[in-house]
Amino acid sequence: MISFNQKTKVFTLSTKNTTYAFGILGDKLLTHIYWGKKLKNEINENWADDFVWRSHSAFDYGDYSTNYIPLEYPQYGGGDSRICAFSARFSDGSRVTKADFKSFEILDAKPDIEGLPSVYAENGDNVQTLVVTLHDDLKNLDILLYYSVFEDFDAITRSVKIINSGEKMQIRSVLSASVDFFGAGESDIIHLDGSWARERFVTRQKIEGGNISVESGTGVSSSYYNPFIAVCDRTTTELSGNAYGFGFVYSGNFVAGCEKNTYDTVRAYMGINPREFEWVLENGQSFSSPEVILAYSPEGLSGMSRIFHKIIRERVCKGKFRDIERYALINNWEATYFDISEEKIVNIAKTAKKIGIDTMVLDDGWFGNRVDDKTGLGDWVENPEILPNGIDGLCKKINDLGMNFGLWFEPEMVSPNSNLYKLHPDWIIHTKGRMPSKIRHQYTLDLSRKDVCDYVENAVGAILKKANIGYVKWDMNRSMSEVGSAFQVSERQGEVMHRYMLGLYSILKNLNAKFPNVLFEACASGGARFDCGILQFMPQVWTSDDTDAVERVKIQYGTSFIYPYASMGCHVSACPNHQLGRTTPFDMRCNVAIPGQFGFELDLNNCTEDELKTAKKAVEDYRRLGEVFHKGDLYRISSPFDCDVSVNEFVSEDKNTVLVCIYPKTSTVASKDEYLKLAGLDETAVYECNGKLYGGDYLMNKGIHYINDREYKSVILEFKKK
Ligand code: DGJ
């Protein structure tokens, strides 16, 4: 939990297995001391000796140089030339902040962050929050640092609140977390990069001198880089070694990275991207940053991921769908694209029902004059030519089959060719005098405005009220450009992208409250907004528009570095695959999708009898095994980026069930004998799989014998403790 030692001036934050410590240096400077394996002893009282500057003394901190010591919340202008977490421009034009330690309090609670999603506590959780106030005397500015310790989850969250009691000022940068790893030597950074249909591929780079950063300036967290980084020792593997993860609870622009100085201290940081952000604070106003989740594990990268998975599943995701088994659905998008009719949808649903699917989702094209992707967005009224009986008529037909009905929306957007745009051309994100760019033929609605948010909320709400809709796919298909708002005054134009996020979050919060029985799934051209912020309101995300099984193995593998399989929408689609043209066996497509939130993205009426049998079994397997896939512990045994065969292992909490998913990428005739070593089992137990018995210790030390001799010979092995 949280303690403060008056003598040593050290704050110690402990979780079940970890310690995070920082101290007050010279009664002023908040200085990072330690983050890692749980310490049994207190930090030694001479902790600051390590940080004494080696040559001349610098600035006004005695033997210490602000450019050298590990700082807990570095600010611009006081001599630290590294990347700073905070910088501002004051009314006199000055840009220097010197906020030193003033006070602290420890709360037995986890406060919410106004207007933003954040990790929450439930009754019975061992959670405490440390609030440290730093104060700049000259500018009468407070910087409040929040650290919430989720003891049983082995996670700490950090956020920052700025309170201005001085003259009007402008925040130029307010990062949410900065951690200095003093003398970090040989370390690596891991980040998740990609593009549309290639989201979250894993990049591991050596941290060498200088700065490595990933960011988004698109207005959404984006498919280019994900708001996640890990810092680890160069020797860290999936199953062993130190791994430090940073996950941002935010869906807009971010920056995250590591800067290594010439003394081998690595500064890791994460927050709103300052490049796209400015914020004016009048006297008496405050600003709260989004939250970062910090997850440390000595058990390698999979260990770090398991910490993220549990806290995201249980304390980021909210609402009734957090805990219950989700739907097995079928979506018509790849089956029909815009060529839809009530009859076609009902026919797809009827066959789906026969194989055990419980939810039929109608995708794009049911509203306004939306005959293709050039029109209609914003006009959320059924197109009578497509739905002669309205959405309620179709919904009733699907419900009568004993299925839930789900519906696609893209509420944040408007087509130029729509009634909404004709009525409100100033409701889009744009900059006066400049031609707004269209992306996918559409504009972004200006959700920094309350009137626009009200419209969006009411338009979606009206449809949800009208019919018995059980699921919504909430899509978002463009990044922002020419950012500006007709509503905001000139000095607040730099606030638009963050205000947009606040608007979006308020809409989602209200819709969640009004429609608690609707499961919302996020989508942004696939997985361009897969982050801990969106997951608070929509507990699953359409992982990628790329449904090719071989590519999906990589995408899901990278995604699992931070996000649990329970949050990944994974569907089986037709072959040749629509994105890549590759043909993979039907059972491989099922085996790749089953561990996620499972479904189909094709017309089952076009499947062969054999395929339908396989599909039916896949639905049964998903239901039978879902609990272990979604709530169990993940061990990534081998990577699709490095190996011919990718292996994911899921272990139930009681270690009684072990599921091993094996996906070959390339195979060889007369392939070599391989053993796939498992992890996380009960080593004293005996496990049974396909009628054979294996010792837990044997499976972990020798492994499963595997021969990779048939193209795409995927399998899900089930081991049961005897
Ligand atoms: C992009 C999504 O990622 C697809 O799944 C589909 O819903 C289309 N939009 C519809 O326009």
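Just so you know, ligand 1 is whichever comes first in the structure, and atom 1 is the first atom listed for that ligand. Keep in mind it's a predicted model, so treat the numbers as computed, not measured.
For the residues D364, N331, N332, D373, the heavy atom positioned nearest atom 11 (O) of ligand 1 is part of D364.
For atom 5 (O) of ligand 1, the nearest non-hydrogen atom of the protein is K473 NZ, 2.8 Å. Given atom 9 (N) of ligand 1, the protein heavy atom at minimum distance is D475 OD2, 2.7 Å. The shortest contact between atom 3 (O) of ligand 1 and any protein heavy atom is with D545 OD1, 2.5 Å.
For an aromatic pair to be called close, the ring centres must be under 6.0 Å apart, and F650 with F629 satisfies this. Taking the six-membered ring for Trp and the full ring otherwise, the centers of F201 and F641 sit less than 6.0 Å from each other. Here F228 and F248 keep their ring centres 6.0 angstrom or further from each other. The distance between the ring centers of H191 and F561 does not fall below 6.0 angstrom.
Between the side chains of E410 and N477, at least one donor N or O sits under 3.5 Å from an acceptor N or O.
Considering backbone and side-chain atoms together, W333 places no N or O closer than 3.5 Å to any N or O of ligand 1. Considering backbone and side-chain atoms alike, D363 places an N or O below 3.5 Å from some N or O of ligand 1.
Taking a cut-off of under 4.0 Å to the non-hydrogen atoms of G526, the atoms of ligand 1 that pass are 3 (O). Ligand 1 places these atoms under 4.0 Å from at least one heavy atom of C523: 2 (C), 3 (O). Close approach to W542 involves these atoms of ligand 1, each under 4.0 Å from a residue heavy atom: 3 (O), 5 (O). Every atom of ligand 1 is numbered from 1 in the order shown, and the set under 4.0 Å from a heavy atom of S525 is 3 (O).
Checked options F600, W366, W408, F338; the residue passing with W333 is F338 (criterion: ring pair (Phe, Tyr, Trp, His ring centres under 6.0 Å)). Here the rule is ring pair (Phe, Tyr, Trp, His ring centres under 6.0 Å) with F409, and of W474, W380, F520 only W380 fits it.
Residue-level proximity to ligand 1 for H571 is absent, since no heavy atom of it falls below 4.0 angstrom.
The closest approach between a heavy atom of R440 and any atom of ligand 1 is below 4.0 Å.
Residues passing the salt bridge (Lys or Arg N to Asp or Glu O under 4.0 Å) test with R313: none are found, sequence neighbours excluded.
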